[in-house]
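Let me begin by presenting the structure, written as structure tokens, before commenting on it.
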Amino acid sequence: MPNKATIFLQYYAGLIYIFLYFPIALVVLFSFNSGNYSAEIQGFSLRWYGETWRDPFVLEALGNSIFIAVTSATLSTVIGTLAALALQNVHGWLRNLYDGLIYIAIIIPGIVIGIATLIFFVQFFGWLNPMLQAQFGPSAPRLNLGLPTIIAAHTLFTMSIVIVIVRARIAGMDRSLIEASNDLYATPMNTFWQVTLPQLFPAIIAGFLLALTFSFDDFIVAFFVAGPNTTLPIYVFSSIRRGVTPKINAIATVTLIVSLAFLFTVQYLLTRSSERGPGNSGTVSSDNQASRV
Amino acid sequence: MSLPTFLLLAPATLWYLLLLVAPLVIVAVFSFGARAPEGGYAPAFTFEQYSNLPTRITPFINTLKLASLGTFFGVLIAYPLAYFLATRATARLKSILVALIIVPFWTSFLIRTYAWVTIMSSRGIPAILIRLGLVNELVLLNTPFAIVLGIVYNYLPLMTFPIYVSLERLDKRLLEASKDLGANQLGTFLQITLPLSASGLVTGSMLVFILLMGEYLIPALLGGGKIFFVGNALVDLFLQSRNWPFGSAVAMALNFIMLIIVSLYLWLTARLSGEQRQAVSLL
């Protein structure tokens, strides 16, 4: 028989879950609205999905966002995994220095990263462009803010996430398998490809998908370093400022579904790998936690 | 460091140096510079930008005030939820319920904030309440209330999770001991549960507060651009008026405030863990 406090807490938790999900559910609901006004349901239709899909500005922004997300997630997965492997052999003050950089990159507000990278790239290009001109003449390429600068800035944050996740998996890895492989005269390279990498694989994929989600959803960093380009969040932000259109609901719904699909895959990969292996790689939540504390 | 380790670390090191360390150093240098006539930066060494900081004091005050309010209400709302998850939820439900708290955090921040724009706009909740005859007139959007609500909503997962973790780790035998020694539920809560979950409370609050220092989207969308946070001032200074040296000084002031918060956090957690060890050893 639950006591009064328990019953109260149950109702309270129920209300909080409604509070958390009601706004999101409303956006999804209104994306199927056939009417023009985004606050009154007039009937079910896929009209806004159709209009969104035919909007060349949306398609351009979507294309940019996908390109940025895939490139920066790939870069950060490779760089982050290599760094996580190497950091096993780094100790003392140097290790503390890297830990500090990793956590600063994760916890620093996006706006500071945005500003700092904006200034950096503008200064750097301002110094490099005249040199390129002098070297290759007027036909030399002029470097400017654009998709590559967004990718570089996103990679700073996402590779740090990958390092934290992969490192957690390395810590939980079964070392006896590596020793066994060495005892059986496998070369270090063979051990890496046949023993270490398969064990790390779920964490690497999880890191890749989280990087993809982050990059795809980021607004503030891209806002600073995008130059003349738009990404999907920048497009959504400026449409909201111009006045809410039902198209935003359709874009938001698709974005939510994609993020959720990635998130569930990550969760599945991380829990499955921790169930199979004797170590515990942790779930998304605890890794996220570890990375932010 | 061996050669292979060095090579494996090289790309990450390059990234941290070029995109974290160097940019932050440049911001520091710029903050002592002068503004070029066409906007941007002109080399100089002056404290002029810092002495001009008081002209932009309002965004700092807004940020600190509303971030404190948001963090305070966030704690009030998150704590009972975390307490429920850690102590009352059945094991089978627990993992699902905890995951449901985390999920919104990994969906687009922009979209979660946007959702409230529609809800609080004149066609949303105000219209419903006016039609029901509960109020004659109500403006929600573009008010400090909307900003605080946006803060509580968006950061609730981040606030709840550390509190939940600290409550989950709490040694349940201590609760039984307290009960056996004749303490009632409230006494047990105040003397055992709350002090031992203080580390989670501090972690959650500090995380939220630090991220709020750089908040831009919530005041921009829910405050209608009327209530400026430091983040909005920075966007204005860097992207609109292109006053980079002054913007850099504002950014440095922001970094300084965050440094104070982090130091406070480290000091508090060190103290708390010491006290907790003491409390447990006393028992």
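Chain naming here is simple, since letters A, B, ... match the order of the sequence lines and numbering starts at 1 in each.
- Annotation: maximal heavy-atom pairing with chain B below 4.5 Å, among Y21(A), F223(A), F214(A), occurs at Y21(A).
- For the side chain to side chain contact (heavy atoms under 4.5 Å, CB included) criterion with P219(B), the lone passing option out of N142(B), N232(B), I151(B) is N232(B).
- Residue contact with chain B, scored on non-hydrogen atoms closer than 4.5 Å, involves the backbone and the side chain of F237(A) alike.
- Heavy atoms closer than 4.5 Å to chain A are found in the side chain of I119(B), but not in its backbone.
- Contact count versus chain B (heavy atoms, under 4.5 Å) is highest, among L26(A), V122(A), I248(A), V27(A), for I248(A).
- For A84(A), no part lies near chain B; criterion is any non-hydrogen pair under 4.5 Å.
- T6(A) and N3(A) form a side-chain donor-acceptor contact under 3.5 Å, judged by distance and modelled atom types alone.
- In this structure, chain A has a heavy atom under 4.5 Å from the side chain of Q185(B), while its backbone stays farther away.
- Scanning both residues, I165(A) and G207(A), for their nearest heavy atoms gives CD1-CA, 4.2 Å.
- Within the 4.5 angstrom heavy-atom criterion, only side-chain atoms of L217(B), from C-beta onward, approach chain A.
- Nearest heavy atom pair, residue S72(A) against residue T158(A), reads O-OG1, 4.1 Å.
- In terms of non-hydrogen atom pairs under 4.5 Å with chain A, the most contact-rich of N255(B), L156(B), L254(B), L97(B) is L97(B).
- Taking chain A as the reference chain and counting heavy-atom pairs below 4.5 Å, the highest number among T13(B), V25(B), V21(B) is found for T13(B).
- Nearest heavy-atom pair across L221(B) and L141(B) is O-CD1, 4.3 Å.
- Per-residue heavy-atom pair counts under 4.5 Å with chain B were compared for S259(A), A252(A), G114(A), and the maximum is reached by A252(A).
- Residue T213(A) touches chain B through its side chain alone, counting heavy-atom pairs closer than 4.5 Å.
- For F109(B), no part sits under 4.5 Å from any heavy atom of chain A, backbone or side chain.
- For Q123(A), the part lying near chain B is the side chain, with the backbone staying farther off; criterion is any non-hydrogen pair under 4.5 Å.
- Residue Y17(A) touches chain B through its side chain alone, counting heavy-atom pairs closer than 4.5 Å.
- Within the 4.5 angstrom heavy-atom criterion, no atom of A10(B) approaches chain A.
- Minimum heavy-atom separation, I251(A) to Y235(A): CD1-CE2, 3.8 Å.
- Chain A forms the most heavy-atom pairs under 4.5 Å with one residue out of Y216(B), W244(B), Y153(B), F6(B), and that residue is Y153(B).
- Highest contact tally toward chain A, considering only V27(B), I26(B), L20(B), is held by L20(B) [criterion: heavy-atom pairs under 4.5 Å].
- When each of F22(A), F120(A), F224(A) is checked for heavy-atom pairs under 4.5 Å with chain B, F120(A) comes out on top.
- Taking every heavy atom of both residues into account, P228(A) and L145(A) meet most closely at CD-O, 3.8 Å.
- Residue contact with chain B, scored on non-hydrogen atoms closer than 4.5 Å, involves the side chain of I220(A) exclusively.
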Residues Y103(A), S160(A); criterion side chain to side chain donor-acceptor pair (under 3.5 Å); working and verdict = CA-CA 8 Å; Y103(A) 290 127; S160(A) 309; over 6 Å; no
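- Residues S108(B) and Y114(B) bring no donor and acceptor atom of their side chains to less than 3.5 Å of each other.
- Atom CD of Q88(A) has more than 12 neighbouring heavy atoms from other residues, nucleotides or ligands inside a 6.0 Å radius.
- The choice from A99(B), A220(B), S2(B) that makes the most heavy-atom pairs within less than 4.5 Å of chain A is A220(B).
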Give the C-alpha distance, both sets of side-chain angles, the deciding distance and a yes or no for ring pair (Phe, Tyr, Trp, His ring centres under 6.0 Å) between F189(B) and Y83(B).
-> CA-CA 10 Å; F189(B) 177 77; Y83(B) 186 77; 5.6 Å; yes
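- Of the atoms belonging to L100(B), heavy atoms from both backbone and side chain fall under 4.5 Å from chain A.
- Of the listed residues (N89(A), T155(A), I104(A)), the one with the most heavy-atom contacts under 4.5 Å to chain B is T155(A).
- Between chain A and the residues G247(B), G214(B), G224(B), P23(B), the largest count of heavy-atom pairs under 4.5 Å involves P23(B).
- Here CZ of F157(A) is found 13.0 Å from CD1 of I102(A). Values are rounded to the nearest 0.5 Å.
- Heavy atoms only, all atoms of each residue included: K94(B) and A89(B) are closest at CE-O, 3.9 Å.
- At a 4.5 Å heavy-atom cutoff, the contact between L85(B) and chain A is made by side-chain atoms alone.
- Interface remark: S248(B) contributes side-chain atoms only to the contact with chain A (heavy atom separation under 4.5 Å).
- Taking 4.5 Å as the limit, some side-chain heavy atom of D236(B) sits within range of a side-chain heavy atom of F228(B).
- For the pair R95(A) and W93(A), the cation does not sit on the ring face, since its NZ or CZ is not both under 6.0 Å from the ring centre and inside 45° of the axis.
- Looking at I113(A), the atoms closer than 4.5 Å to chain B (heavy atoms on both sides) all sit in the side chain, from C-beta outward.
- Within the 4.5 Å cutoff, the side chain of L9(B) has no heavy atoms near those of the L82(A) side chain.
- Neither the backbone nor the side chain of F8(A) comes within contact range of chain B; no heavy atoms are under 4.5 Å apart.
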Derivation and outcome, ring pair (Phe, Tyr, Trp, His ring centres under 6.0 Å), residues Y164(B) and F84(B) = CA-CA 9 Å; Y164(B) 163 75; F84(B) 168 79; over 10 Å; no
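- For a residue to count as touching a neighbouring chain, one of its non-hydrogen atoms must lie under 4.5 Å from one of that chain's; by this rule I16(A) touches chain B with the side chain only.
- Ranked by heavy-atom pairs under 4.5 Å with chain B, the first of A5(A), A86(A), A105(A) is A86(A).
- Only the side chain of V117(B) comes within contact range of chain A, judged by heavy atoms closer than 4.5 Å.
- The contact between F19(A) and chain B is made by backbone and side chain atoms together, counting heavy-atom distances below 4.5 Å.
- Atoms CZ and OG1, from F229(B) and T63(B) in turn, are 5.0 Å apart once rounded to the nearest 0.5 Å.
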